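The next block holds one structure in the form of structure tokens; read it before the comments.
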Amino acid sequence: MTGGVMDRLSGEAGAAPVAAAAEAEADEEADPPAADLPTPQVSERRDPHPSRMQMPQGNPLLLSYTLQELLGRDTVQVELIPEKKGLFLKHVEYEVSSQRFRSSVYRRYNDFVVLHDMLLQKFPYRMVPALPPKRVLGADREFIEARRRALRRFINLVARHPPFSEDVALRLFLSFSGPDVQNKLKESAQCVGDEFMNCKLAPRAKDFLPADIQTQLAVSRELIRNIYNSFHKLRDRAERIASRAIDNAADLLIFGKELSALGSDTTPLPSWASLNSSTWGSLKQALRGLSVEFALLADKAAQQGKQEENDVVEKLNLFLDLLQSYKELCERHEKGVLHKHQRALHKYSLTRRQMLSTAVQSREPDAAEQLESRIVEQENAIQTLELRSYFSLYCLHQEMQLVHVYLPLTSHILGAFVNSQIQGHKEMSKVWNDLKPKLSCLFAGPNSSLTPPRPLEDGVSPQ
């Protein structure tokens, strides 16, 4: 057996520089992986359900989805159902309604957390959107509403993602109405393995990758980074525009109330102003009537602000969530499977050196056999990691395509913004035009006749 070991070592001598280079690259420990990616042996692969193993036609790497097809997969609504116990809000429950499953179920925030964890466990090489943070101490209504919107974006991105949408975990989350959905989700993931173990194409992923895959991914990451930065700025400005509309609504409402308060003032006029009492009385009556129009203006401005929050800001946030999940996927790829691959190569190099030293210094066959067995195990692990690395690149390429499928959402966002501005200004313009004739009674001329205001000498009109 010792002779066989020596033959093996002599045959591997040419690989020593490669292993040494791999060892040098792995000497410096990287950060821990963003997600604990499973690394089973090749022998652990199992055949999944036949319905999930249909071989796609043509090159399976290339996707042919359109934005409308993705959006049409499902639309999920998430509404707040606060439950009060005593005087304080103890927890928040959500009503989650799916058009696809025609279902309506109640879910807690921790249910979303379990679904998120299951998706990361089963699809470590896919874009799993991030969840909003847990409730902080003293969370107010504004925080709870922002988290509801974020949960709605999360579940819609998941429900429209091709692999996620066909997974049993999503179906359970959206349709299971029994007790303890968290345990049901965890049970569904037991003894199943991740996508690498269940995908028939996984061992052949390298065959479908383009030769310049690394260059393509590098260019794509730079492009998506630039798109993310631009959309982040657009979202911030859209938020400010919507906020200004809502603030404008509040100001118009207060303006109208102050006019009404002025018109309702009952303080008697002094004796020297009695000649103008009839004029002041007419003015007050007119001012009281104007408050109705200003309340209507405030309502129109508030509607425009809310519409831009829902149709513009939320769509921008949805796309930003998608871009962020792609960035996090790239980090998982680098810190996960690539990092483990480097560590496995490093460990393999150390074991091989130890085996060489043992074979030279010792003639004990048992020690050599044990080392040879360890080397075989490490070679199998490296082989599995190499297959996972190629499958991770395969998934990254597909996820990159999905991001580009979502790019036309930009036209939807711009269309919603333009339509909101047109509709809002049109409706408010109508109210302003209806209000203008009522101003004529504020200007009383000689013999109580009504005359329009004349421009002032400096060119500034009181209108």
Side-chain angles (χ1 to χ4, degrees), residues 30-31 33-35 63 65-67 70-71 116 119-120 124-133 142-143 145-158 160-161 164 212-246 305 307-336 338-339 392-393 395-421:
D31 294 334
L63 305 180
Y65 300 106
T66 65
L67 178 61
L70 291 182
L71 297 180
H116 179 269
L119 291 174
L120 273 178
Y125 311 122
R126 300 289 182 179
M127 296 185 297
V128 180
L131 284 174
E142 184 177 352
F143 171 85
E145 171 61 16
R147 191 174 68 174
R148 180 194 70 81
R149 290 173 177 266
L151 290 174
R152 183 178 62 185
R153 296 195 301 270
F154 163 81
I155 195 61
N156 275 284
L157 285 174
V158 169
R160 295 163 180 170
H161 190 283
F164 300 164
D212 60 342
I213 180 62
Q214 296 293 351
T215 302
Q216 289 189 24
L217 289 177
V219 172
S220 175
R221 289 189 68 178
E222 181 65 22
L223 173 63
I224 290 177
R225 185 183 299 110
N226 295 336
I227 293 175
Y228 179 88
N229 292 335
S230 294
F231 268 81
H232 196 278
K233 294 176 182 177
L234 288 173
R235 192 276 314 275
D236 289 346
R237 296 301 164 180
E239 280 185 338
R240 293 180 61 180
I241 292 172
S243 178
R244 281 199 297 269
I246 295 174
Q307 183 178 353
E308 289 173 356
E309 281 185 346
N310 293 326
D311 297 342
V312 180
V313 177
E314 272 303 290
K315 284 187 173 67
L316 287 168
N317 279 326
L318 179 78
F319 192 51
L320 284 172
D321 289 349
L322 180 74
L323 295 175
Q324 180 63 32
S325 66
Y326 180 82
K327 293 168 62 178
E328 292 174 355
L329 173 61
C330 292
E331 293 177 1
R332 286 204 304 274
H333 173 75
E334 293 177 349
K335 297 181 179 180
L338 293 185
H339 177 72
S392 179
L393 290 172
C395 294
L396 264 174
H397 195 286
Q398 289 193 329
E399 300 303 278
M400 174 181 64
Q401 295 176 63
L402 277 181
V403 171
H404 284 268
V405 172
Y406 268 93
L407 279 176
L409 191 64
T410 307
S411 60
H412 293 241
I413 296 170
L414 290 176
F417 178 64
V418 172
N419 290 336
S420 173
Q421 291 290 319

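What you see is a predicted model; the values in this text were computed from it and never measured. These numbers come from the heavy atoms of this one structure, side chains and all, not from hydrogens, waters or symmetry mates.
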**Item:** Taking every non-hydrogen atom, the tightest pair across C395 and Y125
**Value:** CB-O, 3.1 Å
**Request:** Write down the atom of H333, the atom of S392, and the distance for their closest heavy-atom approach.
**Result:** ND1-OG, 2.5 Å
**Prompt:** Taking R332 for the side chain and R126 for the main chain, is one N or O donor matched with an acceptor at less than 3.5 Å?
**Reply:** yes
**Prompt:** What closest approach, in Å, do H397 and L217 show between heavy atoms, and which atom pair accounts for it?
**Reply:** N-CD2, 4.4 Å
**Fill in**
Closest non-hydrogen atoms of H116 and P129, given as atom of the first, atom of the second and distance, are CD2-O, 3.1 Å
**Item:** Y406 vs L323, side-chain contact (heavy atoms from CB on, under 4.5 Å): CA-CA, chis, key distance, verdict
**Value:** CA-CA 10 Å; Y406 268 93; L323 295 175; over 6 Å; no
**Complete:** Rounded to the nearest 0.5 angstrom, the CG-CG distance for L234 and N229 is 11.0 Å
**Asked** Does the side chain of E239 reach to within under 4.5 Å of the side chain of D236, using non-hydrogen atoms?
**Response** yes
Would you give me the side-chain donor-acceptor pairs under 3.5 Å for residues 407-416, sequence neighbours excluded?
{"from": "T410", "atom 1": "OG1", "to": "L407", "atom 2": "O", "distance (Å)": "2.8"}
{"from": "S411", "atom 1": "OG", "to": "P408", "atom 2": "O", "distance (Å)": "2.7"}

**Request:** Please say whether more than 12 non-hydrogen atoms of neighbouring residues, nucleotides or ligands are located less than 6.0 Å from CZ in R240.
**Result:** no
**Message:** Nearest 0.5 Å, please: how far is CZ in R225 from CD in E222?
**Reply:** 4.5 Å
**Message:** Does E142, at its CD atom, have more than 12 non-hydrogen atoms belonging to other residues, nucleotides or ligands within less than 6.0 Å?
**Reply:** no
**Request:** Search all heavy atoms of A238 against all heavy atoms of V312 and return the closest pair with its distance.
**Result:** CB-CG1, 4.0 Å
**Prompt:** How many angstroms lie between atom OH of Y326 and atom CD of E399, to the nearest 0.5 angstrom?
**Reply:** 9.0 Å
**Message:** Are the side chains of L70 and L402 in contact, using a 4.5 Å heavy-atom criterion?
**Reply:** yes
**Any donor-acceptor N/O pair, S325 side chain to L322 backbone, under 3.5 Å** = yes
**Request:** Tell me, please, which residues at least two apart from R148 pass side chain to side chain donor-acceptor pair (under 3.5 Å).
**Result:** E145
**Asked** Within the distance-only criterion (no hydrogens, no angle test), does the side chain of R149 pair as donor or acceptor with the backbone N or O of E314 below 3.5 angstrom?
**Response** no
**Complete:** Here the gap from R237 atom CZ to L316 atom CG, rounded to the nearest 0.5 Å, amounts to 13.5 Å
**Fill in**
Rounded to the nearest 0.5 Å, the CD atom of Q307 sits from the CD atom of Q421 at a distance of 9.5 Å
**Side chain proximity check, M127 to E328, heavy atoms < 4.5 angstrom** = no
**Request:** Let me see the working for R221 and E331 under salt bridge (charged side-chain N to carboxylate O under 4.0 Å, His left out), right down to the final yes or no.
**Result:** CA-CA 11 Å; R221 289 189 68 178; E331 293 177 1; 5.7 Å; no
**Prompt:** Would I241 and F417 count as a side-chain contact (heavy atoms from CB on, under 4.5 Å) if you check the C-alpha gap in whole Å, the side-chain angles of each, and the deciding distance to 0.1 Å?
**Reply:** CA-CA 10 Å; I241 292 172; F417 178 64; 3.9 Å; yes
**Request:** Starting at CZ of R235, measure out to OG of S230 and round the result to the nearest 0.5 Å.
**Result:** 13.0 Å
**Message:** Working note: V405 + T66, criterion side-chain contact (heavy atoms from CB on, under 4.5 Å); need CA distance, chi angles, decisive distance, verdict.
**Reply:** CA-CA 6 Å; V405 172; T66 65; 5.6 Å; no
**Message:** Quick check: closest heavy atoms across L320 and H232, and the distance to 0.1 Å?
**Reply:** CD2-N, 3.7 Å
**Prompt:** Should the pair F164 and H161 be assigned to parallel (<30°), tilted (30 to 60°) or perpendicular (>60°) ring geometry?
**Reply:** parallel
**Request:** Give the C-alpha distance, both sets of side-chain angles, the deciding distance and a yes or no for side-chain contact (heavy atoms from CB on, under 4.5 Å) between N317 and R153.
**Result:** CA-CA 8 Å; N317 279 326; R153 296 195 301 270; 3.6 Å; yes
